[in-house]
Colleague: 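Sharing a structure here in structure tokens format.
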Amino acid sequence: MVVLGIESTAHTASVGVVGEDAEVLSLASDMYRPPSGGIHPREAANHHVEVLPSLVGQALESAGVKPKDIEAVAFAQGPGLGPCLRAGATVARMLSLAWDRPLVPVNHCVAHVEIARVLSGLEDPLLLYASGGNTQVIAYGRGRYRVLGETLDIGIGNFLDKLWIGLGGTFPGGPAIEAEARRGTELLPLPYSVHGMDVAFSGILTATLALHAKGANRPDLAYSVEATTYSMLTEITERALAHRGRDSVVLGGGVACNERLRGMVKTMVESRGGTMFAPPKSLCVDNGAMIAWTGRLAFRAGLTSSVEASAVQPRQRTDLVATPWRND
Ligand code: AMP
Ligand code: MG
């Protein structure tokens, strides 16, 4: 039996089918790309409503499964953009009723941890979760996934996207800044914004745009932004490892596709004698397979929901959701 998972927290609509051992049998995704500017939640939700039915069909077909093979239907309940979450939840409820299968709500951030954890084979790693809307260092402790440090303002991916648009580019900014940064040579002075275990990005955004207005070139700006902000993330991850007495780190989120960030975290972790694992990029970004896998864990631990109780939770906190499958 397999679990089907639906992801729709932000710009990506995705359906994944996962087997017994986190084997990803299929993954069908479609990302909303705004013609200009950032994501408009309503427009992204309209996109998801349009594509999700065919993504479900594609996911079933390429996994070679029929509805009768589906054990449970999981969906991302939060955190995320309300209209986008509701699009995925509505499809999940409908499938659950039509197929007479249990409905399993999943926390999106916990799903990033769980897919990385199972793929890495690491028992109890820390997660550096660096995505568009979220930037958190997460570790398990006493019954919950705890947020040890996080952004005080915007997510690192949103920061990169806003910056790139401010420099004349289009969404998404992260991959474009990564390409531009390879040509940068000079490290320009930018604010280094670490506050204890937390980080902040909006001051760096203002400072970078100010340097650009004074004539700094894009490759140097991109290089300096990556060097500065990825150092900040590496620093808080290292502090979390030291405080928690852990030695391994897994990565998640779209920004975790970045080679420089992967390299910096790997160097730090290995210098402490630990292991760093980054999932394949298709499973770092938002995807239905991580929702399906976490849905399986939750379902096996007895966590299902009635349709009536399955309202989406746009501000659902990582540290407020139960994770009874982790009884260590
Ligand atoms: P997510 O919210 O996890 O789906 O990730 C989307 C975010 O990841 C967007 O803000 C992208 O700009 C960012 N992103 C994707 N690829 C890269 C990359 N190679 N380097 C940096 N950021 C990236
Ligand atoms: Mg995400």
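Any value given below was found using the heavy atoms of this structure, including those in side chains, with hydrogens, waters and symmetry copies removed. Atoms within a ligand are numbered from 1 in the order they appear, just like the ligands themselves. The structure presented is a predicted model; accordingly, all values stated were derived computationally and were not measured.
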Colleague: Can the ring centroids of Tyr32 and His11 be said to lie less than 6.0 angstrom from one another?
Modeller: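 No: the rings miss the under 6.0 Å criterion.
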Colleague: side-chain hydrogen bond (donor to acceptor under 3.5 Å, both in side chains) for Gln136 and Tyr145? Distances and angles first, verdict last.
Modeller: CA-CA 11 Å; Gln136 299 182 329; Tyr145 280 108; over 6 Å; no
Colleague: So is there a nitrogen or oxygen of Glu178 less than 3.5 Å from a nitrogen or oxygen in ligand 1?
Modeller: yes
Colleague: Identify, by atom number and element, the atoms of ligand 1 in contact range of Leu160, meaning under 4.0 Å from any of its heavy atoms.
Modeller: 21 (C), 22 (N)
Colleague: Does ligand 1 have an atom that lies less than 4.0 angstrom from a heavy atom of Phe159?
Modeller: no
Colleague: Taking atom OG1 of Thr318 and atom CG of Asn134, what is their separation to the nearest 0.5 Å?
Modeller: 7.0 Å
Colleague: Decide side-chain contact (heavy atoms from CB on, under 4.5 Å) for Tyr129 and Thr135; before the verdict, give the C-alpha distance in whole Å, the side-chain angles of both, and the deciding distance to 0.1 Å.
Modeller: CA-CA 6 Å; Tyr129 173 33; Thr135 303; over 6 Å; no
Colleague: Can a non-hydrogen atom of Pro175 be found less than 4.0 Å from any atom of ligand 1?
Modeller: yes
Colleague: Nearest non-hydrogen contact with atom 16 (N) of ligand 1 belongs to which option: Gly254, Gly174, Gly157, Gly132?
Modeller: Gly254
Colleague: Looking only at protein heavy atoms, which one is nearest to atom 20 (N) of ligand 1, and what is the separation?
Modeller: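 Heavy-atom neighbour on the protein nearest atom 20 (N) of ligand 1: Asn258 ND2, 3.1 Å.
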Colleague: Could you tell me whether the side chain of Leu283 reaches within less than 4.5 Å of the side chain of Met290, counting heavy atoms only?
Modeller: no
Colleague: Below 3.5 angstrom, do we get any N/O pair linking Tyr230 and ligand 1?
Modeller: no
Colleague: Which protein non-hydrogen atom lies closest to atom 6 (C) of ligand 1, naming both residue and atom, and how far is it?
Modeller: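 The closest one turns out to be His11 NE2, 3.6 Å.
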Colleague: Looking at Tyr140, is Arg326 sitting on its ring face, NZ or CZ under 6.0 Å from the six-membered ring centre and within 45 degrees of the normal?
Modeller: yes
Colleague: Return yes when at least one N/O/S atom of Ser131 is nearer than 2.8 Å to the Mg ion (ligand 2), and no when none is.
Modeller: no
Colleague: May I ask you to test the Arg144-Val321 pair for a side-chain heavy-atom distance under 4.5 Å?
Modeller: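 Side-chain contact under 4.5 Å: no.
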Colleague: Could you pull out, from Asp161, Ile177, Thr9, the option with a heavy atom nearest to atom 9 (C) of ligand 1?
Modeller: Asp161
Colleague: How wide is the angle at the Mg ion (ligand 2) spanned by Asp286 OD1 and His108 NE2, rounded to 10 degrees?
Modeller: 90°
Colleague: Using 0.5 Å steps for rounding, measure from the OG1 atom of Thr237 to the CE atom of Met276.
Modeller: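 Output value for this atom pair is 11.0 Å.
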Colleague: Run the numbers for me: atoms of ligand 1, each under 4.0 Å from some heavy atom of Gly253, listed by number.
Modeller: 3 (O)
Colleague: Report yes or no: does Glu259 have a heavy atom closer than 4.0 Å to ligand 1?
Modeller: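 Under 4.0 Å: no for Glu259.
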Colleague: What I want to find out is whether Arg272 reaches Asp247 closely enough, with some N-O distance under 4.0 Å, to be called a salt bridge.
Modeller: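 So Arg272 does not pair with Asp247 through a salt bridge.
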Colleague: Counting each atom of ligand 1 from 1 as listed, which ones have a heavy atom of Gly173 under 4.0 Å away?
Modeller: 12 (O)
Colleague: Note the single closest protein heavy atom to atom 13 (C) of ligand 1, along with its residue, its atom name and the distance in Å.
Modeller: Val255 CG2, 3.8 Å
Colleague: Give a yes or no on whether a salt bridge exists between Lys266 and Glu259, defined as a side-chain N under 4.0 angstrom from a carboxylate O.
Modeller: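 A salt bridge is absent here (no side-chain N lies under 4.0 Å from a carboxylate O).
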